[in-house]
Student: 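I am attaching a structure below and will ask some questions about it afterwards.
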Amino acid sequence: MRWSQTLVPTLKEVPADAEVPSHRLMLRAGLVRQVMAGAYTYLPLGWRAVRKAAEIVREEMEAAGAAELHFPAMSPIELWERSGRREAFGNVLLNFAFPRGDRKVHVALGPTHEEPITDLIKQSIASYKQLPLTLFQIQTKFRNEERPRFGVLRTSEFLMKDAYSFGTDIEQLNASYDAMYAAYCRIFERCGIPYLAVEAESGPIGGDASHEFMIPAENGEDSVVHCEASGYAANLERAETGRTAPQIVVPDDVPPMDAVATPGVSTIEAVCAALGVQPEQTLKTLLYTADAGTDEERTVAVVVRGDHDANEGKIRRAIGAATLSMADEATVRRVTGAPVGFAGPVGLEGVTLLADHDAVTVQPSVVGANSADAHRTNVCCGRDWTVETTHDLRDARAGDPDPKGGGPMKVVRGIEVGHVFKLGTKYSDALGAEYLGEDQKRRSVVMGCYGIGINRIVAGAIETSHDDRGIIWPKAIAPYQCHIIPLDIKDEEVMSLAQRFHDELEAAGVDCLLDDRKERPGVKFADADLIGLPTRITIGKRGLTEGVVEVKRRTDADPEKIAPDAAVARVRELLA
RNA sequence: CGGGAUGUAGCUCAGCCUGGUAGAGCGCUACGUUCGGGACGUAGAGGCCGCAAGUUCGAAUCUUGUCAUCCCGACCA
């Protein structure tokens, strides 16, 4: 491809709205342009990279035994009502009605495609003999992001590969899941991006097992707890800590507990300022309502150290509740006799009281007094309040012991590029996708679902691979693999050699961008570094008089001078 | 949805406080000189100063409203 025949609007200056490196570079290198918040146009170079990533995904999906199909972006809102996800997605689900004849058609734009595909399976699968089956598609998805950000990393419209597996039982599900997991590893390896497979909560979609594939990156939106020694990796919501229940020891030199007036002081920060203590010397008591609206509804008080964050998933599992939410203000008043901000474990009644492992080692501690505008000091667990045992109830932190015993864990940021999880029968139950088993019984199909954000592969690659001059593309997803720069486009020998390199490389399957603009060398070199194609051939009059052209990788500091006849072979070697 | 900031040429920004007919650099066009890491000169093109209402003889500038974009937080199958 000649530069003059495509559109590569590179930018010398950084657009003011771009903050993260991938966003700035994608704009500067002419890969994308913003249309509105959360929606981007992919220009020729950016789109080529997306297509290359998508093709790798497609190949590996097919190699793993999945068949591609394609859904419309729109589907009837009823489908989403039947599964209960119109409600669950809320404003995230883009949906609208439009007139058709004398009636209204109400559609949703797919944020993912569990509903349409389950409906399809309901219609097409009748027997266990047709299972297992894995289908996938690469499609534009729509989600009304409340806050789009980080350029192309978080948008309201994005390209996603989603695959769904259907099986008769858990064994078939597990086999499909493992095959997808392995395919994902191959995909990210082929794309040349670093990744981490981390244990994850399966979230509102349900299911009982889930992994996220993350690109470690400073600007990632998610936190990953990781131990290199043991290989343990989990996202923050999920990460266990290797802590165990400590012995509760009451120090014998602590004076009796005392009440202090703390008018209007309702946050840990304010308590510390008012009483001159550190957050880790305080305890916070959080009130939750478990299983709201059921017979099992109850109030739960959770005590964690002042500087720690409670983890709702862990609390929910500790008490075996199906749902858990922060208690409302009325409940807090009823239980503690005080407004929000003054709860404490001392004398708290009528609630299930839970404490995190670290909470009982704060001796003495500062806690809320369960009365307005007051706190207690010199509080000791085992003396002034007590629990039978303690649990792991808080978010993991850097330095926490690894549950696999590997040693202190680190917390790193990551960009989620892929997610695999076992759905079970949530959607097949809701939408009636059943098969007839060998035993003559009808059962719901057991499903798994597996997503990859294609745009995120591209943005994530740039986020993790660039320098101060521009992008450094991994070979597999670079828009072109070789950048050919004729320095003097009016010189016939230079130009015909450039064209020859282009044609020979293309014939050999190496795609090339030939910079045929009438620009000064400095401009061409700077743009070449910005765009960051893996290899570059420079052809100049000066070199030709010495009988050489220059070949270099984007990552090389200096070019190598070689005979023109050897250039094509050299480039192919460098790309191999 | 809460908090903060910003909208002036294709891009980065000045001008606004103190109202008087719109500026710079980069980019773009033409010509000349240059020509191996973002050249120089000369001459040009390019602006409902986000939008609306108001105050005023007069608004980029003051007031009110509104829209958009970015950042932090909440949210995020």
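Proteins come first, then strands; the chains are lettered A, B, ... in the order of their sequence lines, and each starts at number 1.
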Student: Find which nucleotide of RNA chain B each of A:Arg147 and A:Glu416 is nearest to by heavy atoms, and output the residue with the more 5' nucleotide.
Tutor: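 So the residue in question is A:Arg147.
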Student: Mind listing the residues from residues 455-467 of chain A sitting with a heavy atom below 4.0 Å of RNA chain B? Number order is fine.
Tutor: none
Student: By the salt bridge (charged side-chain N to carboxylate O under 4.0 Å, His left out) test, which pairs, at least two apart or in different chains, include something from residues 86-96 of chain A?
Tutor: A:Glu81-A:Arg86
Student: Without decimals, in angstroms, what is the distance between A:Arg520 CZ and B:C40 P?
Tutor: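 Atom-to-atom, A:Arg520 to B:C40, this comes out as 9 Å.
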Student: Please check if any side-chain donor atom of A:Lys284 sits under 3.5 Å from a side-chain acceptor atom of A:His308, or the reverse.
Tutor: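 A:His308 and A:Lys284 do not have a side-chain donor-acceptor pair below 3.5 Å.
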Student: Hey, is A:Arg397 close enough to A:Asp309 for a salt bridge, meaning N to O under 4.0 Å?
Tutor: no
Student: Scan every strand shown for a Watson-Crick or G-U wobble partner of B:G32, both distances under 3.5 Å, and answer none if you come up empty.
Tutor: B:C40
Student: Using a cut-off of 4.0 Å on non-hydrogen atoms, how would the nucleic acid contact of A:Gln34 be classed: base, sugar-phosphate, or nothing?
Tutor: sugar-phosphate
Student: Any N or O donor-acceptor pair under 3.5 Å from the base of B:G38 to the side chain of A:Glu519?
Tutor: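 Per atom types, no contact qualifies.
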Student: Over all strands shown, is A:Val523 touching base, sugar-phosphate only, or nothing at heavy-atom distances under 4.0 angstrom?
Tutor: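 Base contact - A:Val523 has a heavy atom under 4.0 Å of at least one base atom.
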Student: Distance between the P atoms of B:C28 and B:C67, in whole angstroms?
Tutor: 38 Å
Student: Between B:U18 and B:U61, how far apart are the two C1' atoms, rounded to whole Å?
Tutor: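 Nearest-Å result for B:U18 against B:U61 at atom C1': 10 Å.
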Student: Does B:U63 have a Watson-Crick or wobble partner in any strand here, with both distances under 3.5 angstrom, and which is it?
Tutor: B:A53
Student: Tell me if the CD atom of A:Gln123 is crowded by more than 12 foreign heavy atoms within 6.0 Å.
Tutor: yes
Student: For RNA chain B, whose closest nucleotide is more 5', that of A:Lys518 or that of A:Ala37?
Tutor: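 It is A:Lys518 whose nearest nucleotide is closer to the 5' end.
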Student: Grab the CZ-C1' distance between A:Phe150 and B:C70 for me, whole Å please.
Tutor: 11 Å
Student: Checking only heavy atoms, does the side chain of A:Asp527 share a donor-acceptor pair with the base of B:G38 at less than 3.5 Å?
Tutor: yes
Student: For the side chain of A:Glu13 and the base of B:G25, is some donor closer than 3.5 Å to an acceptor across the two?
Tutor: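 Check passes, donor-acceptor contact within cut-off.
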Student: Between A:Arg394 and A:Asp307, does at least one N-O distance fall below 4.0 Å, as a salt bridge requires?
Tutor: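 No, A:Arg394 and A:Asp307 are not salt-bridged.
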Student: Of the options A:Val300, A:Asp328, A:Val332, which is the one that meets A:Leu287 in a side chain to side chain contact (heavy atoms under 4.5 Å, CB included)?
Tutor: A:Val332
Student: Tell me what A:Gly543 touches on the nucleic acid: a base, only sugar-phosphate, or nothing, going by heavy atoms under 4.0 Å.
Tutor: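 A:Gly543: base contact, heavy atoms under 4.0 Å.
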Student: State the pairing partner of B:U21; accept Watson-Crick or G-U wobble contacts with both distances under 3.5 Å, and report none otherwise.
Tutor: none
Student: Counting any heavy atom closer than 4.0 Å, what does A:Arg536 reach on the DNA or RNA strands: base, sugar-phosphate only, or nothing?
Tutor: base
Student: Determine the Euclidean distance between corresponding P atoms of B:U63 and B:U55; express it in Å to zero decimal places.
Tutor: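 B:U55 and B:U63 have their P atoms separated by 15 Å.
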Student: According to the Watson-Crick and G-U wobble definitions, with both distances under 3.5 Å, which nucleotide is paired to B:G2?
Tutor: B:C72
Student: Which residue pairs pass the ring-ring contact (aromatic ring centres under 6.0 Å, His included) test with at least one member in residues 18-46 of chain A, sequence neighbours excluded?
Tutor: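 Counting only pairs at least two positions apart or across chains, the ring-ring contact (aromatic ring centres under 6.0 Å, His included) contacts touching residues 18-46 of chain A are A:His23-A:Tyr40.
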Student: Any carboxylate oxygen within less than 4.0 angstrom of a Lys/Arg side-chain nitrogen, looking at A:Arg570 and A:Glu560?
Tutor: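 Yes, this pair counts.
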Student: Would you measure the distance from the P atom in B:C16 across to the matching atom in B:G20 and give it in whole Å?
Tutor: 9 Å
